[in-house]
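Report on one structure; see the data block that follows.
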Amino acid sequence: MTKYTFLEGYRFSNGLELKNRIVMAPMTTMSSFHDGHVTTDEVNYYHRRGGGPGMIITAVANVSEDGKGFEGAFSATDDRFIPDLTKIATAIKQDGTKAVLQIFHAGRMSNSRVLRGTQTVSASAIAAERPGAETPRALTEPEIEQIIEDFGEATLRAIKAGFDGVELHGANTYLLQQFVSPHSNRRTDQWGGSFENRLRFPLAVVKKVQEVIKENGSKTFLLGYRVSPEEFETPGIRLEDTFALIEKLKQAKIDYLHVSIGHISRTSMNDKTNLVPIVEQMLAVLNNELPLIGVGSMETPADVQKAMDDGLELVALGRELIREPQWVQKVMMNDEASIRYTISPTDFEELAIPRAMQTYLTSVYKEQIHLSTDAKPSSDAFLASAAPMEGYKK
Ligand SMILES: Cc1cc2nc3c(=O)[nH]c(=O)nc-3n(C[C@H](O)[C@H](O)[C@H](O)COP(=O)(O)O)c2cc1C
């Protein structure tokens, strides 16, 4: 049997140990109740997948009421959600799998229908360049301070619910990214203008969350940060901006960085002369000072092993763990032949995929979820164009 190094354990510098280096990527299930309470369907979905990967990152949960991004998101906005969060953490934490809660504020990527009539907020009153995007209201300084507090309180709830860490969703064009971006942040106060000022909000959130962890969490409670490497808008975030942000995150001593990218081998979509894969460039900037979770269109054990050989510490699988919840166990049992790379609509229930998620997968992700009833598209679809969650639609 081939020795796969991704089956070896991993120890973060804060001491938290993972039993293997496979991470389940955060994927929203669209299946919570309208008010943010989790449904049994979601708990079952995580229960079906807990136990295999070393770590599972949950679907994203909003930290503020006006930070909800879409219908069916679960909430971390109030203590009444702690029992719900506990159910998710418990479902994940089977056989040593670690559970990380992803948290965010959607900012201008939400809309007034999802927010029940309330206008969206962002760094500045600039609409995203998307069909139907609404113009947000610019946050006041006290509101910015309140959202920083909200991230801290959501972290405390994650600790109380038994999670092993939180991941700040600084990617996919949501509020943390909106402050960094010169497209969405045109402020002239201390929260905007210079690049340094545009980093003030995400770095203040990191600091707040670290304080909460220090006061209330165990020494091994993780803080991760997810970034999207570049934006397509002009002005917009370019690779150099992301590399500068990574330097700051290194100095802030978070526990890991997570990239959001549709294909692990993707090169820059803005600078076509730069042919070095973005993940390789990020690894060089990280310089072994922070571990990187790589992601993007990996399906087979060989795909994952190649990414490990190229220098990644941890590899996240998204769609493949929807199709094949037993992926890790099958590799460990030398049963690769039975790994599913396509999914039959008749297996959705058996795979514990909630009904609303089924609809999402067979609409937005129809081409990329690899239904066995369709011709199998190439797994290179996200090499040259962005995935829906990366926030860009051509
Ligand atoms: C159904 C679905 C929901 C997603 N929801 C989230 C999310 O809540 N947070 C996030 O950071 N990324 C989200 N993503 C992006 C994934 O984490 C991942 O980056 C992407 O699917 C690429 O990995 P893959 O090729 O292994 O699927 C989602 C992806 C899918 C398919």
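Counting starts at 1 for both ligands and their atoms, following the listed order. Numbers here simply count residues along the sequence, with the first being 1.
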| Considering distance alone, does some N or O of Pro26 sit under 3.5 Å from an N or O of ligand 1? | yes
| message | As a quick check of understanding, evaluate salt bridge (Lys or Arg N to Asp or Glu O under 4.0 Å) for Lys19 and Asp95, giving each step before the final call. | response | CA-CA 9 Å; Lys19 62 179 181 168; Asp95 294 334; 5.3 Å; no
| Heavy atom of Ala171, distance to ligand 1 below 4.0 Å | no
| Do any heavy atoms of Gln102 fall under 4.0 Å from ligand 1? | yes
| remark: the protein heavy atom lying closest to atom 29 (C) of ligand 1 turns out to be Tyr365 OH, 3.5 Å
| query | Against heavy atoms of Val60, which atoms of ligand 1 measure under 4.0 Å? | reply | 8 (O)
| note | If we number the atoms of ligand 1 from 1 as shown, the ones under 4.0 Å from a heavy atom of Ala25 are 17 (O)
| said: What I'd like to find out is whether the side chain of Tyr341 reaches to under 4.5 Å of the side chain of Ile339, using heavy atoms alone. | reply: yes
| request: Indicate yes or no: at least one non-hydrogen side-chain atom of Ile293 is less than 4.5 angstrom from one of Met55. | output: yes
| note | Residue, atom and distance of the protein heavy atom nearest atom 20 (C) of ligand 1 read Val295 CG2, 4.8 Å
| request: Verify the ring-centre separation between Trp327 and Tyr4: is it less than 6.0 angstrom? | output: no
| task | Report, in ascending order of atom number, the atoms of ligand 1 lying under 4.0 Å from any heavy atom of Asn172. | result | 10 (C), 11 (O), 12 (N)
| task | Report the member of Met27, His169, Arg226 with the shortest heavy-atom distance to atom 19 (O) of ligand 1. | result | Arg226
| message | With heavy-atom distances below 4.0 Å as the criterion, list the atoms of ligand 1 near Arg319. | response | 24 (P), 25 (O), 26 (O), 27 (O), 31 (C)
| field | ligand 1 atoms in contact with Tyr360 (distance to a heavy atom under 4.0 Å) | value | 1 (C)
| Can you find a pair of side-chain heavy atoms, one from Arg226 and one from Val259, that are under 4.5 Å apart? | no
| Flag side-chain contact, heavy atom, 4.5 Å: Tyr256 against Leu290 | no
| said: Among all the protein's non-hydrogen atoms, which is closest to atom 28 (C) of ligand 1, and how far away is it? | reply: Met389 CG, 3.4 Å
| Test item: side-chain donor near acceptor, Asn274 and Ser268, under 3.5 Å | no
| query | Aromatic ring centroids of His258 and Tyr225 under 6.0 Å? | reply | no
| Is the closest side-chain heavy-atom distance between Pro325 and Tyr45 below 4.5 Å? | no
| Where does Thr28 meet ligand 1, judged by heavy-atom distances below 4.0 Å: at the side chain, the backbone, both, or neither? | both
| field | Gly318 N/O under 3.5 Å from ligand 1 N/O | value | yes
